[in-house]
Number of protein chains: 2
Amino acid sequence: MDLRVKFLGLEAGCKPIVILNTSDAEDLGVRSLGRVKLRHDGKESTAIVNTTHTVIKKGVIGVYECLRALMDLKDNDVITVETALPPISLEFIKNKLRGRKLAFKEIEEIVKDAVEGNLSEVELTSFVTALHNFGLDLDEATSLSMAMVKTGETLKLDRKVIVDKHSIGGVPGDKTTLLVVPIIASFDLTIPKTSSRAITSAAGSADRAEVLMPVNLDLEEMVRVVEKTNGCMVWGGSLHLAPADDIFVQVEYPLAIDPLLMPSIMSKKKAVGATHLVIDIPTGRGTKVKTIGDAHLLAKDFIELGKKLSITTSCAITYGEQPIGYAIGPALEAREALENLTRKTSTDLVDKATHIAGILLEMMGHKNGQKLALESLKSGKAEQKLREIISEQGGNPKIKPEDIEIGKHDLNVRSEKPGYVLWIDNTGLVELARAAGAPKDKGAGIILHKKPTYRVGKGEKLLTVYAENAAKLQRAQELLEEEVIIKVGDRMEMLIDEVKEVPVHEKAFILER
Amino acid sequence: MDLRVKFLGLEAGCKPIVILNTSDAEDLGVRSLGRVKLRHDGKESTAIVNTTHTVIKKGVIGVYECLRALMDLKDNDVITVETALPPISLEFIKNKLRGRKLAFKEIEEIVKDAVEGNLSEVELTSFVTALHNFGLDLDEATSLSMAMVKTGETLKLDRKVIVDKHSIGGVPGDKTTLLVVPIIASFDLTIPKTSSRAITSAAGSADRAEVLMPVNLDLEEMVRVVEKTNGCMVWGGSLHLAPADDIFVQVEYPLAIDPLLMPSIMSKKKAVGATHLVIDIPTGRGTKVKTIGDAHLLAKDFIELGKKLSITTSCAITYGEQPIGYAIGPALEAREALENLTRKTSTDLVDKATHIAGILLEMMGHKNGQKLALESLKSGKAEQKLREIISEQGGNPKIKPEDIEIGKHDLNVRSEKPGYVLWIDNTGLVELARAAGAPKDKGAGIILHKKPTYRVGKGEKLLTVYAENAAKLQRAQELLEEEVIIKVGDRMEMLIDEVKEVPVHEKAFILER
């Protein structure tokens, strides 16, 4: 069938989508979400079909921008359209839907087609949901990790040993990476750290680091920085290490599921050539892993997957029921990290960072890892190393904590009564910081004045919210009126909830604050 | 945030979708596939967000047509946009993703939001996939059926007893309904039959019936026809009985899964007020249910679900490894049905139709149901009844088989050697009929001359393909060159396939022709 091209000026990522009139689609024998092959002037491409009764007339084919360049098309070009078979990877997805184990070649095809935009949103969602429902075994996790490495770029460093760390996330205010990287690099160990930006949190490691230095480096610049300083802190998003991950995250995010957790992480570590790795598993209510038992199971899986991928892996199971340190939001967190590197304050942040660095040092054959890490901090060697990295990445190496700009608008939350801080709601805290503008407004965020078990007097400050703009501070204010984020009381209240009718649960269980 | 409206002139069903510039989306704290609340001039609506870097500029909001009417918007109107929570039904979908059983209220919310367009494609796909992976128990199937009835229209007939029949489908050429409805109605039993059009097959019951009479009736017209004749054959698509089904089918179709099979069918039967029902389960290779054991399990589930919904249900497990009768395609099938009603030929079609009608008659207290059904055919009473129904629905009641127009272009497939017909590939046959133009071109299709176990001589005709247009016949010809659809041989070939390397299966198993 020959159809006339009309451009729609719309982007849906770079998915090759065309819109056909329902009548033409019926003549071709193709339904919405089916596929057609397009041919024009020696060029060929496959596209996913949407149908319409109205917008596109019979004889016309609506084409998304993405295909314009791909097929070198102009408005009103006439192209040949015929039905096409779905990619073979769809059959493999259906195998997983039947609960079958997938072979490496099957997984490789699925990941390749995902990266090339050959799978529709329905097909991708179904694959991710089936992985979530049936789980992945070790072989499948290995295959996925390898396929994700294979379909992306890799970092080429001429080093025998490359170390790395990663947190599975879920705790607000976790600026550990900003301390661990310079500590490790100060021991002449290579740590080419890539990080992500916030998706649902108030700040990702890349957002924090960006307060101190540019993080949008390309692979070549990253190699240069690491060869000079042994470390770096770079945003992974533009490096195209395991780009399949970004595609799967698109459908995982609205469903709040994450079946690819391990392959996502491990593929990115393999892509930078890591040989030794510590995975931080924050554990407890309000984090991703609720119990220590579950954390141990996950740790075992990471270690086994690491073996399959030739990455020696250890896991740190860490306390995650409250924020790390006192600051939440990119600038506030960067400032707190810098303070802890320069002023030798002793906090939970230093404890966590030195333990994780210590595990890495012991994996490298050092003894008393945490003690060594702490010495690197106290001696100023870690600070010196951080400034080197800042300088190489193009930041100001002389930056002081007080140079960092914080939002000018603020409000305080004070305790309405004397008592003890019983708990802090991690999720509520993140919502509050986001309402105030984080992570986009780097100066927005929260400073905690009290943490659980601390005694407070009536009227004493519990936390301060900072915003760069007054309207957003107002939004945060409104949120505070609706939700209790930090609970002060005399004793733990024992009745959690009362359930009378047939319960229609909104959430997994009620302790899930 | 206040944004200026720009219409996109694009329909994605009637889903409320808006497109935001990535920067505005970040300011709002919403990601692609998140939700926003729109307010303008006293009207409020929720929409799902897509983001773009280029097409929509900062300060502008791209709006799909669907929202124009809903919110009474004009180009360049300024509307207020803020983040909105996802509907509560998304939490229930997540419960199913955790493998939990859903309560009626949860399922009701999901179905309601699906019908109202409040769930994104990712969310719907995930729900359907989870139902497929975890299965539904009887309570959930009941809840889904009831919720689907509740969110749609119902047929109001003043009859105590209403009978119905339904085939789960999967066999080409199954025109049984065209015989069963007039047979049953000729016994003064009420059978308000609704049918669907072809989705992946070469003809749906509604496509076949439409060759003989108009089938696009509304509920009021349908009541009038049934009150006058006791029967009807109407397309269910525009009646809005259980409209949720159409929405779920959108995502089931590309994945070739059908977890809602039972609720889809039973909700539509409940919506027409059926009290007694026969479900036809075609069984065997090349159909949906491969083994008689599986068919019995499915039959048990249908009968139990029927009990919950107060519909007395029986199941007919029928042979489905080859087409019913000899004709495939709307007009050819309608002609064959009419011949079997008027010329008293005795075929597998008559055997199947009279058995199914017989089961219904016995459920109503008659004895020797099949014999009675056969008498209704032979006596001409069933034919008489069909002509009444045709007349009431607005067709020509005097239509003769030879009046039905068949495609003018044809080609024959002949046997290359003498032997026996060993098998017919149901799926290949459907592909062939569709390539020739069915179901859209009503006159396109296939006549089989030989069926399995028949002896054929060299050069004897195996089948004839009909098309309304020469290009489509050419397409069918090309398909025939690629695939064996009807296999002639001396004996069954015993080696099915040889597997050497680590197998990467494209399909479930190789017998799945």
Side-chain angles (χ1 to χ4, degrees), chain A residues 8-12 19 23 26-27 29 31-34 50 52-55 62 65 86 88 90-95 97-100 103 105-106 109 120-126 128-130 132-134 199-200 250-251 253-257 434-435 437 440 502-508, chain B residues 8-12 19 23 26-27 29 31-34 50 52-55 62 65 86 88 90-95 97-100 103 105-106 109 120-126 128-130 132-134 199-200 250-251 253-257 434-435 437 440 502-508:
Chain A
L8 296 165
L10 257 187
E11 283 299 344
I19 304 190
S23 164
E26 280 177 10
D27 270 337
R31 267 171 67 100
S32 207
L33 298 181
N50 288 347
T52 172
H53 285 280
T54 52
V55 187
E65 282 303 307
I88 191 174
L90 181 56
E91 293 301 327
F92 307 150
I93 291 175
K94 289 182 193 167
N95 284 347
L97 283 180
R98 294 189 194 99
R100 297 192 189 176
K105 281 188 185 175
E106 295 175 314
E109 275 299 307
S120 73
E121 210 168 59
V122 164
E123 291 154 357
L124 285 170
T125 303
S126 188
V128 169
T129 303
H132 173 78
N133 294 347
F134 292 121
I199 294 179
T200 54
Q250 287 285 334
V251 297
Y253 161 73
L255 303 168
I257 58 176
R434 289 178 69 98
K440 201 197 173 198
V502 177
V504 177
H505 289 306
E506 283 183 49
K507 297 205 175 169
Chain B
L8 296 166
L10 256 188
E11 283 298 344
I19 304 189
S23 164
E26 280 177 9
D27 271 338
R31 265 172 67 99
S32 207
L33 299 180
N50 288 346
T52 172
H53 286 279
T54 52
V55 187
E65 283 302 309
I88 190 173
L90 181 56
E91 291 302 326
F92 306 150
I93 291 175
K94 288 182 192 166
N95 284 348
L97 283 180
R98 294 188 194 99
R100 297 191 189 177
K105 281 188 185 175
E106 294 176 315
E109 275 299 306
S120 73
E121 210 167 60
V122 164
E123 291 153 358
L124 285 170
T125 303
S126 189
V128 169
T129 303
H132 173 79
N133 294 348
F134 292 122
I199 296 178
T200 55
Q250 287 285 334
V251 297
Y253 161 73
L255 302 168
I257 59 176
R434 289 177 70 96
K440 200 198 174 198
V502 178
V504 175
H505 290 305
E506 282 183 49
K507 299 206 172 167

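Numbered from 1 within each chain, the chains take letters A, B, ... in sequence-line order.
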Peer 1: Between chain B and each of A:P254, A:G62, A:A256, count heavy-atom pairs under 4.5 Å; write down the option with the most.
Peer 2: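 When all of A:P254, A:G62, A:A256 are compared, A:P254 has the most.
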Peer 1: Quick check for you: among A:N133, A:T129, A:V251, which has the greatest number of heavy-atom pairs under 4.5 Å with chain B?
Peer 2: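 Most pairs with chain B among the choices: A:N133.
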Peer 1: Once rounded to the nearest 0.5 Å, what's the spacing between atom CD1 of A:I88 and atom CD of A:E106?
Peer 2: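 Atom-to-atom, A:I88:CD1 and A:E106:CD are 8.5 Å apart.
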Peer 1: What residue, out of B:E123, B:H132, B:R31, B:R434, has the most heavy-atom pairs lying under 4.5 Å from chain A?
Peer 2: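 The answer is B:R31.
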Peer 1: Taking A:I257, A:I199, A:T200 one by one, which has the highest count of heavy-atom pairs under 4.5 Å against chain B?
Peer 2: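 Most heavy-atom pairs within the cutoff with chain B belong to A:I199.
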Peer 1: Let's test your reading of the structure: which of B:V128, B:L255, B:L124, B:N50 forms the most heavy-atom pairs below 4.5 Å with chain A?
Peer 2: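 It is B:L255.
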Peer 1: Under the side-chain hydrogen bond (donor to acceptor under 3.5 Å, both in side chains) rule, what do A:S126 and A:K94 come out as? Steps first, then yes or no, please.
Peer 2: CA-CA 9 Å; A:S126 188; A:K94 289 182 193 167; over 6 Å; no
Peer 1: Can you tell which part of B:L90 gets under 4.5 Å to a heavy atom of chain A, answering side chain, backbone, both or neither?
Peer 2: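 For B:L90, the side chain is the part near chain A, not the backbone.
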